[in-house]
Amino acid sequence: MNRILAIVEREMRKFFRSPALMLASMIFPLVQLIVLGNAFGGKIRDAKLGLVDQDGGTQALKIRQAFDSVRANMRTFEPVYYNDQNTAMEDVRNGKIQGAVIVPPQYSRRVYEKDAPRIALIVDNSDNFMSSTLEEELTGITQALNQPTVEPRVLQQTVLQIVELYPYIEYMKYLLPGSITLAMFVSVMIGGGMLYIDDKARGIHEGYLVTPVTKMELIFGLNAAGAIKAVMTGVVITVIGSLMAGVGIILSPVAALQLLLMILLTSIAFNTMMFLIVVRVDDPLVPRAIFGILNTLLFFPSGAIYPIQAFPAWLRGIASVDPFTFAVHGFKSILLKEAGFVAIWPDLLYLSLFAVITLSIATPLFKRTL
């Protein structure tokens with residue numbers, strides 16, 4: 001046991017003596033959380049929407065009033081009024097405005113005569129997110145225009161009432177579990193895999209060979225040191241990220257214990273996986289070359305950024321065995337849903353089994369030789 005602790009102590013001393021290494025493993029996920037959390041998932045605000053009123057009647061005036069109401073309240077778009085349809089279409093094409101609504105001549109008359117009145121929405125569908133937002137907003141406006149002025153006493157229509165289990169979750173909160181998971185992976189990748197390969201390349205690991213440290217002690221020592229680094233990173237990112245995103249569940253002792261357990265098992269699973277990948281690697285350029293591939297292959301299919309249900313079948317297959325998937329699900333269950341142990345025990349079980357299996361495979365591959 002003392003030999004394992006000696007290996008852990010050596011690895012931790014190296015880690016703490018390299019502040020740049022510590023910052024790299026912690027700051028990158030935080031920067032990603034801040035930038036992506038604010039750049040994606042937000043609601044459209046103050047988009048420019050052109051309005052060409054070729055009718056000028058009372059019903060066209062209602063459309064203007066609806067546009068002004070959106071500008072004053074939800075601020076999804078700001079109306080820009082045009083006199084010419086071609087100019088509005090050209091401005092949409094050039095990106096000066098994000099869309100244009102055309103109210104055709106005789107629109108008001110068609111409304112009164114119930115003669116299939118129509119308005120046109122011109123969108124730049126090269127930006128699907130913007131176009132879908134404008135389409136959704138204009139659909140709501142047209143539905144409101146179609147409502148009768150005096151509603152009947154008995155409504156025959158079925159109304160869908162949406163019940164949300166949780167308060168509105170901003171994208172930064174949604175991204176937080178993935179950022180915590182990524183931070184621990186970066187810590188394992190840099191502070192575990194790369195350092196071990198660098199030691200082998202510089203011949204430092206030869207010092208182990210002249211000591212009575214056994215193969216198993218060396219394996220457990222290196223893995224324990226890597227897991228401790230990842231746990232430290234996970235705790236720091238969880239606390240700082242939760243404070244930045246406004247997640248207050250970390251103040252609960254029960255939730256804090258669950259988070260600590262998730263961080264611990266995720267760190268062990270990631271470290272044993274990384275140990276298996278680099279156990280027979282000697283070239284220090286190899287882990288640096290595969291870092292981007294591993295990040296893409298493991299992080300993005302995990303559901304940290306986009307729902308797994310939207311993936312094709314082959315990508316769902318990767319997600320079903322990806323330890324990132326179970327780590328992200330566990331952190332989401334605690335941080336976003338405030339669920340209990342019942343929700344995370346399958347994730348804990350899979351991460352534990354994954355760590356045991358990968359370590360069992362890596363152990364016979366490890367060589368205590370030059």
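Quick caveat, the model's predicted, so the values are computed rather than measured.
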Engineer: Can you tell me how far OG1 of T358 sits from CE of M273, rounded to the nearest 0.5 angstrom?
Structural biologist: 8.0 Å

Engineer: Should D91 and Y82 be marked as a side chain to side chain donor-acceptor pair (under 3.5 Å) after you check the CA-CA gap, both sets of side-chain angles, and the distance that decides it?
Structural biologist: CA-CA 10 Å; D91 284 353; Y82 287 84; 2.5 Å; yes

Engineer: Are there over 12 heavy-atom neighbours, none belonging to N83, within less than 6.0 Å of that residue's CG?
Structural biologist: no

Engineer: Verify the neighbour count for atom CD of E136: are there more than 12 heavy atoms of other residues, nucleotides or ligands below 6.0 Å?
Structural biologist: no

Engineer: Hydrophobic clusters here meaning ILVMFWY residues chained together by side-chain heavy-atom distances under 4.5 Å, can you tell me if F341 and F326 are in one?
Structural biologist: yes

Engineer: Indicate yes or no for a side-chain donor-acceptor contact from S242 to the backbone of V239 under 3.5 Å, with no hydrogens or angles considered.
Structural biologist: no

Engineer: Give a yes or no on whether R109 atom CZ has more than 12 heavy-atom contacts from other residues, nucleotides or ligands under 6.0 Å away.
Structural biologist: yes

Engineer: Is any side-chain heavy atom of L276 closer than 4.5 Å to a side-chain heavy atom of L365?
Structural biologist: yes

Engineer: Enter the distance from I361:CD1 to T272:OG1 here, rounded to the nearest 0.5 Å.
Structural biologist: 10.0 Å

Engineer: side-chain contact (heavy atoms from CB on, under 4.5 Å) for R118 and Y107? Distances and angles first, verdict last.
Structural biologist: CA-CA 7 Å; R118 297 180 181 180; Y107 168 74; over 6 Å; no

Engineer: Taking atom types as modelled, find out whether S108 and D55 have a side-chain donor-acceptor pair closer than 3.5 angstrom.
Structural biologist: yes

Engineer: Any carboxylate oxygen within less than 4.0 angstrom of a Lys/Arg side-chain nitrogen, looking at R71 and E78?
Structural biologist: no

Engineer: Any link between I249 and I237 through a network of hydrophobic side chains (Ile, Leu, Val, Met, Phe, Trp, Tyr) touching at under 4.5 Å?
Structural biologist: yes

Engineer: Restricting to non-hydrogen atoms, name the atom on I97 and the atom on A88 that form the minimum distance, rounded to 0.1 Å.
Structural biologist: CD1-O, 3.7 Å

Engineer: What do you reckon, are the aromatic ring centroids of F270 and F324 less than 6.0 Å apart?
Structural biologist: yes

Engineer: Quick check against the 3.5 Å criterion: does K337 have a side-chain atom that pairs as donor or acceptor with the backbone of A343?
Structural biologist: no

Engineer: Of all the heavy-atom pairs spanning Y174 and G303, show the shortest one and how long it is.
Structural biologist: OH-O, 3.5 Å

Engineer: Apply side-chain contact (heavy atoms from CB on, under 4.5 Å) to L49 and L138, showing your working.
Structural biologist: CA-CA 11 Å; L49 182 64; L138 267 295; 3.7 Å; yes

Engineer: Using a 4.5 Å cut-off on heavy atoms from C-beta on, say whether the side chain of E137 contacts that of T76.
Structural biologist: yes

Engineer: If hydrophobic clusters are built from ILVMFWY residues whose side chains come within less than 4.5 Å, do F354 and V356 share one?
Structural biologist: no

Engineer: Would you say that S267 contacts V188 through its side chain, given a criterion of any heavy-atom pair below 4.5 Å between the two side chains?
Structural biologist: no

Engineer: So, taking the atom named CD in Q85 and the one named CG in D53, what distance separates them when rounded to the nearest 0.5 Å?
Structural biologist: 12.5 Å

Engineer: Do the non-hydrogen side-chain atoms of V123 and V92 ever get within less than 4.5 Å of each other?
Structural biologist: no

Engineer: Does S320 use its side chain to pair, donor to acceptor, with the backbone of G317 at less than 3.5 Å?
Structural biologist: yes

Engineer: Could you report the tightest heavy-atom contact between S352 and L265, atom names first, then the distance?
Structural biologist: OG-CD1, 3.5 Å

Engineer: Any side-chain heavy atom of V235 sitting closer than 4.5 Å to one from I263?
Structural biologist: yes

Engineer: Locate the shortest heavy-atom distance separating V103 from A60; write the atom from each residue and the value.
Structural biologist: CG1-CB, 4.0 Å

Engineer: First locate atom CG of L298, then atom CZ of F185, and finally report the distance between them rounded to the nearest 0.5 Å.
Structural biologist: 5.5 Å

Engineer: Tell me if the centroids of the rings in F77 and F67 come within less than 6.0 Å of each other.
Structural biologist: yes

Engineer: Heavy atoms, side chains only, cut-off 4.5 Å: are V247 and L176 in contact?
Structural biologist: yes

Engineer: Distance-only, no hydrogens or angles: does the R75 side chain make a donor-acceptor pair with backbone N or O of D46 under 3.5 Å?
Structural biologist: no

Engineer: Go through the steps for I318 and L315 under the test side-chain contact (heavy atoms from CB on, under 4.5 Å), then give the verdict.
Structural biologist: CA-CA 5 Å; I318 295 177; L315 198 54; 4.2 Å; yes

Engineer: When you measure from the side chain of T139 to the backbone N and O of E135, does any donor-acceptor pair fall under 3.5 Å?
Structural biologist: yes

Engineer: Just do the side-chain contact (heavy atoms from CB on, under 4.5 Å) check on F299 and D322 with the steps written out, would you?
Structural biologist: CA-CA 9 Å; F299 178 67; D322 184 3; over 6 Å; no

Engineer: Which of these, T181, I334, T238, L335, sits in a side-chain contact (heavy atoms from CB on, under 4.5 Å) with M262?
Structural biologist: I334

Engineer: Output yes when a side-chain donor or acceptor of Q59 lies under 3.5 Å from a complementary backbone atom of V111, and no otherwise.
Structural biologist: no

Engineer: Do Y350 and T325 pass the side chain to side chain donor-acceptor pair (under 3.5 Å) test, and can you show the C-alpha distance, the side-chain angles, and the key distance before you say yes or no?
Structural biologist: CA-CA 10 Å; Y350 180 84; T325 303; over 6 Å; no

Engineer: Quick one: are M184 and N271 in side-chain contact, heavy atoms under 4.5 Å?
Structural biologist: no

Engineer: Looking at side-chain heavy atoms only, is the closest gap between L257 and L259 below 4.5 Å?
Structural biologist: no

Engineer: Return the OG to CD distance between S252 and E338, rounded to the nearest 0.5 Å.
Structural biologist: 8.5 Å

Engineer: Spell out, yes or no, whether I102 and V80 are grouped together once hydrophobic residues are joined by side-chain heavy atoms under 4.5 Å, including indirect joins.
Structural biologist: yes

Engineer: Hey, quick one: are L182 and F300 part of the same hydrophobic cluster, counting side-chain heavy atoms closer than 4.5 Å, chains of contacts allowed?
Structural biologist: yes

Engineer: Distance-only, no hydrogens or angles: does the N94 side chain make a donor-acceptor pair with backbone N or O of E90 under 3.5 Å?
Structural biologist: yes

Engineer: Could you give the distance from CD1 (I308) to OG (S302), rounded to the nearest 0.5 Å?
Structural biologist: 7.0 Å

Engineer: Restricting to non-hydrogen atoms, name the atom on T296 and the atom on P301 that form the minimum distance, rounded to 0.1 Å.
Structural biologist: O-CD, 3.3 Å

Engineer: Considering non-hydrogen atoms only, spot the tightest contact between I268 and A227 and give its length.
Structural biologist: CG1-CB, 4.1 Å

